[in-house]
Number of protein chains: 2
Amino acid sequence: MNKSQIKTKLTQHGHRPTASRLEVVDALLTYHGHMTADDLFEKMRDGGSNVGRMTVFRTLDLLAEIGVVRPTYGGSGAAHFVLLEDGHHHHLVCMRCSTTVEFAECSFADELSQQLANQFKFRIEGHMLEIYGVCESCQ
Amino acid sequence: MNKSQIKTKLTQHGHRPTASRLEVVDALLTYHGHMTADDLFEKMRDGGSNVGRMTVFRTLDLLAEIGVVRPTYGGSGAAHFVLLEDGHHHHLVCMRCSTTVEFAECSFADELSQQLANQFKFRIEGHMLEIYGVCESCQ
DNA sequence: CCCAAATTGATATAAAATACCAGTATGGCT
DNA sequence: AGCCATACTGGTATTTTATATCAATTTGGG
C-alpha cells in the first residue's frame with residue numbers, strides 16, 4: 001500500500017487527506033510501522049515536522065479505522081502500529097524479549113474468509129497472523 | 001488449557017503456582033479472557049479476592065511469557081488479554097467498534113510453522129489470527 | 001525447623017491515552 | 001472569487017494505564 005492508495009482510501013471514507021495526515025503517512029511508510037504513536041511523533045519532530053502529537057494519535061486511529069494500520073501490544077505499555085500492506089501482516093514475535101520479525105508467507109484461505117463473513121455477517125478487510133515463540137538468543 | 005495444565009506449565013518454567021497466581025488463573029478461565037488487567041482485578045475483588053492489583057498485572061505478564069495468554073490492543077488504551085487455548089486463538093474484530101467474536105477454525109499450517117522455525121531459529125509455541133472487518137451493525 | 005530466594009501488595013512514580021477547546025484550514029456553495 | 005458550515009489541528013490539562021520501589025510475607029529445599 002503506497003501513499004496515493006492510502007490517500008484515496010481516506011477520501012473514500014469521507015476523510016480529508018490533509019497535509020498533516022499525509023506527513024504521518026509518509027513517516028509510517030519511511031519507518032515501516034512497528035512503532036508507538038509517540039515514537040512516530042518524535043521521529044517526525046526530529047525530522048523537522050510541525051505536526052502535533054494529538055494529530056499523530058488521531059491520524060493513527062483514523063488509519064486503523066480504515067484498515068491501513070493495526071495497533072498491537074508489544075508488552076511495552078504502549079500500542080505499536082503495524083502497516084497492513086495489502087490488508088494483511090504476518091510476524092513472529094518472541095515471548096520473552098518481544099523481538100519481532102516479519103514474513104510474507106500466508107496460509108489464510110479465501111474460503112475461511114468467506115465462511116466467516118457469512119457466519120458472522122462481517123465485511124472482512126484484512127488480517128494479522130501473529131506467531132509466538134522464543135527467539136534464538138532467548139532460548 | 002485448564003487450570004492444572006497451566007499450573008504444570010508454571011512449574012516447568014520455574015515459577016511457583018502460588019495461591020494468588022492460581023486465583024488469577026481461575027478468574028481468567030471463568031471470564032474467558034478478553035479483559036484488561038484492571039477489569040480482571042476488579043472482577044476478582046468484587047468476587048471477594050484479596051489479590052492485589054500488582055499481582056494481577058505481574059501474573060498476566062508471567063502467563064504471557066509462558067504462552068498462556070497474549071495481550072492484544074483493543075483500541076481502549078489498555079491491553080486486553082486473550083487466553084491461548086492449546087496455544088492458539090482466532091478472532092474477528094470490528095475495525096469500528098472493536099466488537100470481537102471468536103472462532104475455532106484455523107488455517108495455520110504445520111509446514112509454515114516448520115519453515116518459519118527453520119528460517120528464523122525460533123521455537124514456535126503458538127499463534128493468534130486476528131481478522132479485521134466491519135461488523136453487521138457498523139456497516 | 002530454618003534460611004535464602006521468590007513472591008506479594010501498598011504506595012509512589014512514570015508513561016500513555018484521552019478530553020477539551022480555541023484557533024485554523026478546507027471544500028461546497030452561490 | 002468569497003462566504004460559511006464543517007472538518008481538522010495542536011496546545012494544555014486530565015485521566016487512565018503501567019511500572020518501579022520496597023518492606024513484609026510466603027515458599028520450598030536442606
Side-chain angles (χ1 to χ4, degrees), chain A residues 6-27 34-66 69-81 97-98, chain B residues 6-27 34-66 69-81 97-98:
Chain A
I6 295 171
K7 194 172 165 180
T8 302
K9 207 158 186 180
L10 276 168
T11 307
Q12 283 172 345
H13 283 82
H15 303 296
R16 295 177 183 168
T18 64
S20 294
R21 285 174 178 166
L22 294 177
E23 277 192 61
V24 175
V25 168
D26 275 333
H34 270 296
M35 305 177 76
T36 68
D38 275 318
D39 286 343
L40 199 62
F41 168 64
E42 279 168 31
K43 291 264 187 197
M44 289 172 67
R45 159 140 306 188
D46 292 350
S49 171
N50 290 317
V51 174
R53 204 180 87 102
M54 282 314 303
T55 300
V56 174
F57 271 80
R58 275 187 298 231
T59 301
L60 287 170
D61 281 348
L62 198 62
L63 293 175
E65 207 177 291
I66 65 175
V69 298
R70 176 71 196 167
T72 64
Y73 198 81
S76 72
H80 286 238
F81 289 84
C97 68
S98 294
Chain B
I6 294 171
K7 194 172 165 182
T8 302
K9 207 159 186 179
L10 276 168
T11 307
Q12 283 173 344
H13 283 82
H15 304 295
R16 294 177 183 169
T18 65
S20 294
R21 285 176 179 163
L22 293 177
E23 277 193 60
V24 174
V25 168
D26 275 333
H34 270 296
M35 305 177 77
T36 69
D38 275 318
D39 286 344
L40 198 62
F41 168 64
E42 280 169 30
K43 292 266 187 196
M44 288 172 67
R45 159 140 308 188
D46 292 351
S49 171
N50 290 316
V51 175
R53 205 179 87 102
M54 280 314 303
T55 299
V56 174
F57 271 81
R58 276 186 297 231
T59 301
L60 287 170
D61 282 348
L62 197 62
L63 293 174
E65 207 177 291
I66 64 175
V69 298
R70 175 72 197 167
T72 64
Y73 200 81
S76 72
H80 286 238
F81 290 83
C97 68
S98 295

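Keep in mind the model is a prediction, meaning the values are calculated, not measured. Quick note on labels: first sequence line is chain A, next is B, and so on, each numbered from 1.
Between C:dT18, D:dA7, D:dT9, one nucleotide has an atom nearer to the side chain of A:T18 than all others, and that is D:dT9. Checking D:dG10, D:dT19, C:dT8 against every side-chain atom of A:T55, the shortest atom distance belongs to D:dG10. Of the candidates C:dA17, D:dC8, C:dT8, C:dA17 carries the atom nearest the A:R53 side chain, counting heavy atoms from C-beta on.
Distance A:F41 CZ to C:dA16 P: 13 Å, rounded to the nearest Å. The CG atom of A:D38 sits 16 Å away from the P atom of C:dA14 (whole-angstrom rounding).
Partner of B:I6 under the side chain to side chain contact (heavy atoms under 4.5 Å, CB included) criterion, chosen from B:V25, B:D26, B:V69, B:V24: B:V25.
Judged by closest nucleotide on DNA chain D, A:R58 is the one of A:R58 and B:G77 placed further toward the 5' end. A residue-by-residue look at A:R16 and B:M54 shows that A:R16 has its nearest nucleotide of DNA chain D further toward the 5' end.
At the heavy-atom level, B:A79 lies under 4.0 Å from the strands shown only through sugar-phosphate atoms.
Between the side chains of B:H80 and B:S76, a donor-acceptor pair is found at a separation under 3.5 Å.
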Donor-acceptor contacts under 3.5 Å from residues 58-66 of chain B side chains, at least two apart:
from: B:T59; atom 1: OG1; to: B:T55; atom 2: O; distance (Å): 2.7

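A donor-acceptor pair under 3.5 Å is formed between the side chain of A:H13 and the backbone N or O of A:K9.
Recorded end-axis angle for the helix from C:dC1-D:dG30 to C:dT30-D:dA1 stands at 50°, based on five pairs per end and rounded to 10 degrees.
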